[in-house]
Amino acid sequence: MFGAGNEGRPDGRRARLRRAAALALAVAALTGAAACGGDEKGDGDKGGQEPGADSKAPASSPAAEPGGSGDSAGPGGSGALSQRDLTALAFTDGEKIGKYTAGEFTLGAPLGEDYTADPATCQPLVSLAKGATAFDPASEVHRNVDVAEEMLGTTVAVQLRSYNGDGAAGVMKALATAGKECAGGFVENRAVAKGQYLKVEQVKAPDHGDEAQAYRFTILDVKGTLKLYEYLTVVRSGTTTLSFRADITDTKDIGKVPDEVVTAQWKKFEAGSKG
């Protein structure tokens with residue numbers, strides 16, 4: 001949960017050092033961080049390369065073609081957006097969103113394949129990376145959004161994923177199923193720790209795209225003493241999903257994913273898709 005940080009921006013080195021020191025104190029105070037996303041291990045730990053940019057897609061697939069995007073890659077089309085097109089619709093490195101700044105994850109995307117759920121039905125609530133559902137993304141773009149001056153402030157992982165066929169709709173169905181069946185909690189597993197989700201609550205979703213879902217998670221820290229809170233919002237537009245996972249280095253409940261972050265990314269996506 002803790003540690004998404006400022007690694008992606010030009011001033012990220014200084015901010016990272018400040019945040020690392022603060023995190024060490026916070027972790028000690030909180031008797032252990034929750035095991036719920038935000039470290040920099042990516043989808044397969046690609047070392048900062050955007051998933052989908054390594055030409056894993058077959059050469060004949062639409063997402064592998066430079067600028068290609070399938071039969072109809074617009075919001076209502078049946079083909080996935082290409083890596084290049086999806087990147088153009090995402091926040092840019094250093095882009096300002098009110099008090100927030102967007103940056104790239106320099107060590108790979110967060111919440112990758114090493115994050116799993118028990119039972120497996122709950123996996124979409126932990127990560128939508130490859131293998132999370134029966135539908136794998138053809139292209140992905142990941143951005144970290146936070147306030148550079150706030151060492152312990154809210155961080156948001158913004159992740160855009162595009163799918164072939166009805167993959168995006170299938171992902172949303174799997175997410176909805178997880179939201180219902182895992183309402184009473186589940187366990188998140190990762191390489192070094194486990195996180196106990198005590199409760200999954202559906203909250204008001206934004207009125208964007210073809211459909212949207214939003215959730216509030218109550219999570220027990222790894223020592224089993226403190227309750228932590230995290231929020232997830234996922235919007236689908238045609239063949240693409242836009243997910244926003246927000247947390248804070250504190251026991252404070254931030255209430256929701258910041259509206260300005262969700263709205264700004266949606267407007268940029270929508271305007272670029274129409275163009």
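Small disclaimer: the values here were computed from a predicted structure and weren't measured.
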> Are I254 and V261 co-members of a hydrophobic cluster defined by side-chain heavy atoms under 4.5 Å apart?
Replying inline: yes
> Is V147 reachable from I97 through a run of I, L, V, M, F, W or Y residues, each pair having side-chain heavy atoms under 4.5 Å apart?
Replying inline: yes
Could you tell me whether the side chain of [X] and the main chain of [Y] form a donor-acceptor pair under 3.5 Å?
X    : Y    : result
Q123 : Y115 : yes
D250 : G153 : no
Q265 : L89  : yes
D210 : G238 : yes
Q159 : E140 : no
S139 : L81  : yes
S237 : T240 : no

> Any chance NZ of K173 has more than 12 other-residue heavy atoms, nucleotides or ligands included, within less than 6.0 Å?
Replying inline: no
>> I'd like to know if R143 and E95 make a salt bridge, using a cut-off of under 4.0 Å between side-chain N and carboxylate O.
In response: no
>> If the threshold is 4.0 Å, N to carboxylate O, is there a salt bridge linking D253 and K227?
In response: no
> Parallel under 30°, tilted from 30 to 60°, perpendicular over 60°: which one fits the rings of Y197 and F217?
Replying inline: perpendicular
> Taking only residues two or more places apart in sequence or in another chain, which ones pass salt bridge (Lys or Arg N to Asp or Glu O under 4.0 Å) with E181?
Replying inline: none
> Between atom OH of Y100 and atom CD of E260, what is the distance when rounded to the nearest 0.5 Å?
Replying inline: 5.0 Å
> Is the closest side-chain heavy-atom distance between D247 and T155 below 4.5 Å?
Replying inline: yes
>> Could you work out, with side-chain hydrogen bond (donor to acceptor under 3.5 Å, both in side chains) as the rule, every residue matching Q202, not counting sequence neighbours?
In response: none
